[in-house]
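Below: one structure, written as structure tokens.
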Amino acid sequence: MPLEAPPLVETDVETEAAIVVARDVDLRRLERYYHLAKRQAWSVKDLAWDQLPVLPETRTSDRWQGLWRSVLSQLIQADHIAVKASAELLSRAEHREATLYYTTMVQDEARHVEALMRVADAVDSLGQRNPYLDELADLQYDSETLEEKVICLQGFFEAMVIPFFHDISRVARGSILGELCQRLAVDDGIHHGSGLAYADVLMADASPALRHKVQDRLREFYPIYIEFVKWRPPERAWLSRLMADRDAQVIQEHIQFAHRLVHRWGLTIDL
Ligand SMILES: [Fe+2]
Ligand SMILES: [Fe+2]
């Protein structure tokens, strides 16, 4: 007598069907980000080069010059890394919608480098690299799986740097740098949102082993990220006391954000 199919199998089929539907929905979300990124794409010549000073005219003392030099160094360092990391995602993406989307992100990151280098012509030289940013970049490049790469770069990093663009834009108001940082915040908002959409696709049917791998990578990533936030080169050392409260607030907000984010994929990290 033929055995009846156990209910578990039916449940599995239903679960699998639900995953497929959810994946299609998330891929459509990702495709919408592709179209949004195309609409939002700007050109370096769109910045008001003829109307605004490159850096704020009221903040030109040696101390401020040192600050702009170090801020620009770090922004250029970050965007150079983002060019390589997004190119890696473009070549590794496993879905058509994702490949299309990453063509826009690579162009965004390269344009960011171009615009920042034009702004950096206003300072005599660049400053030190943030060593923790290089460590984060190494973790990103060394990650084996697409899931780790998408979640670390777009889930975490892109979202967490946005408040810094707002801070710089406020301090550099009325200058090209201020205007540029507003555009960087918008672009990175899209990079983050699209990363969540793609991570939702990838994590929907991730195996327990893969989930562990992502979780372990985030555990490594996060403490270095905090060191990256706290690090200040000599040119910005004078800000450390002034910014202590702000730093503590930013880190606290990031911890809450990190918990909410990993919860989205059923992961946990101790922070
Ligand atoms: Fe960027
Ligand atoms: Fe970005």
Side-chain angles (χ1 to χ4, degrees), residues 29-30 32-47 68 70-93 97-120 126 129-130 132-141 143 146-169 172 176-199 221 224-225 228-229 250 254 257-258 261:
R29 252 169 72 214
L30 186 53
R32 281 202 296 276
Y33 276 108
Y34 162 65
H35 293 297
L36 175 64
K38 295 290 283 183
R39 277 200 307 278
Q40 283 290 128
W42 48 278
S43 169
V44 174
K45 65 177 167 34
D46 298 340
L47 293 166
W68 299 133
S70 81
V71 164
L72 285 164
S73 307
Q74 195 160 307
L75 290 174
I76 291 173
Q77 181 187 358
D79 269 315
H80 265 294
I81 293 167
V83 170
K84 181 171 169 183
S86 56
E88 221 177 45
L89 289 171
L90 168 61
S91 60
R92 291 273 303 263
E97 294 82 350
T99 305
L100 280 175
Y101 172 73
Y102 287 121
T103 63
T104 68
M105 191 163 148
V106 171
Q107 293 178 66
D108 284 353
E109 303 298 10
R111 188 187 324 112
H112 297 173
V113 173
E114 181 190 358
L116 286 165
M117 285 179 69
R118 290 268 308 266
V119 173
L126 289 177
R129 296 174 74 86
N130 183 326
Y132 299 103
L133 189 49
D134 283 331
E135 272 191 53
L136 288 174
D138 287 340
L139 273 188
Q140 176 75 20
Y141 305 144
S143 296
L146 182 58
E147 287 77 1
E148 290 166 89
K149 287 178 187 289
V150 170
I151 290 176
C152 286
L153 178 68
Q154 293 173 266
F156 269 76
F157 196 78
E158 299 269 14
M160 287 182 175
V161 295
I162 291 173
F164 299 114
F165 294 136
H166 290 307
D167 285 350
I168 301 168
S169 164
I176 295 289
L177 178 62
E179 193 195 340
L180 174 57
C181 281
Q182 285 175 25
R183 290 177 186 259
L184 298 184
V186 172
D187 287 355
D188 275 5
I190 296 174
H191 301 171
H192 170 62
S194 60
L196 293 188
Y198 197 31
F221 189 89
I224 305 171
Y225 174 78
F228 154 77
V229 172
V250 163
H254 286 181
F257 168 80
L261 188 70

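Count residues from 1 along the sequence. All values below were derived from every heavy atom in this structure, side-chain atoms included, with hydrogens, water molecules and symmetry-related copies excluded. Atoms within a ligand are numbered from 1 in the order they appear, just like the ligands themselves.
Heavy-atom minimum distance, T104 versus A37: OG1-CB, 3.4 Å.
The only member of R32, Q154, E97, R29 that meets side-chain hydrogen bond (donor to acceptor under 3.5 Å, both in side chains) when paired with S194 is Q154.
The Fe ion (ligand 2) sits nearest to atom ND1 when only the N, O or S atoms of H191 are considered. Minimum-distance N/O/S atom of D79 relative to the Fe ion (ligand 1): OD1. Among the heteroatoms counted here (N, O or S) of E109, OE2 is the one nearest to the Fe ion (ligand 2).
No side-chain donor-acceptor contact under 3.5 Å links H80 and Q77.
Checking D188 against the Fe ion (ligand 2), an N/O/S atom falls under the 2.8 Å cut-off. For the Fe ion (ligand 2), the N/O/S atoms of D187 include none lying under 2.8 Å. With 2.8 Å as the limit, H112 does not count as an N, O or S neighbour of the Fe ion (ligand 2). Put simply, E158 gets within reach of the Fe ion (ligand 2), with an N, O or S atom under 2.8 Å from it.
Ring pair H192/F257 is tilted by interplanar angle, where 30° to 60° counts as tilted. Ring pair F228/F157 is tilted by interplanar angle, where 30° to 60° counts as tilted.
Taking the charged nitrogens against the carboxylate oxygens, R183 and E179 do have a contact shorter than 4.0 Å, which makes a salt bridge.
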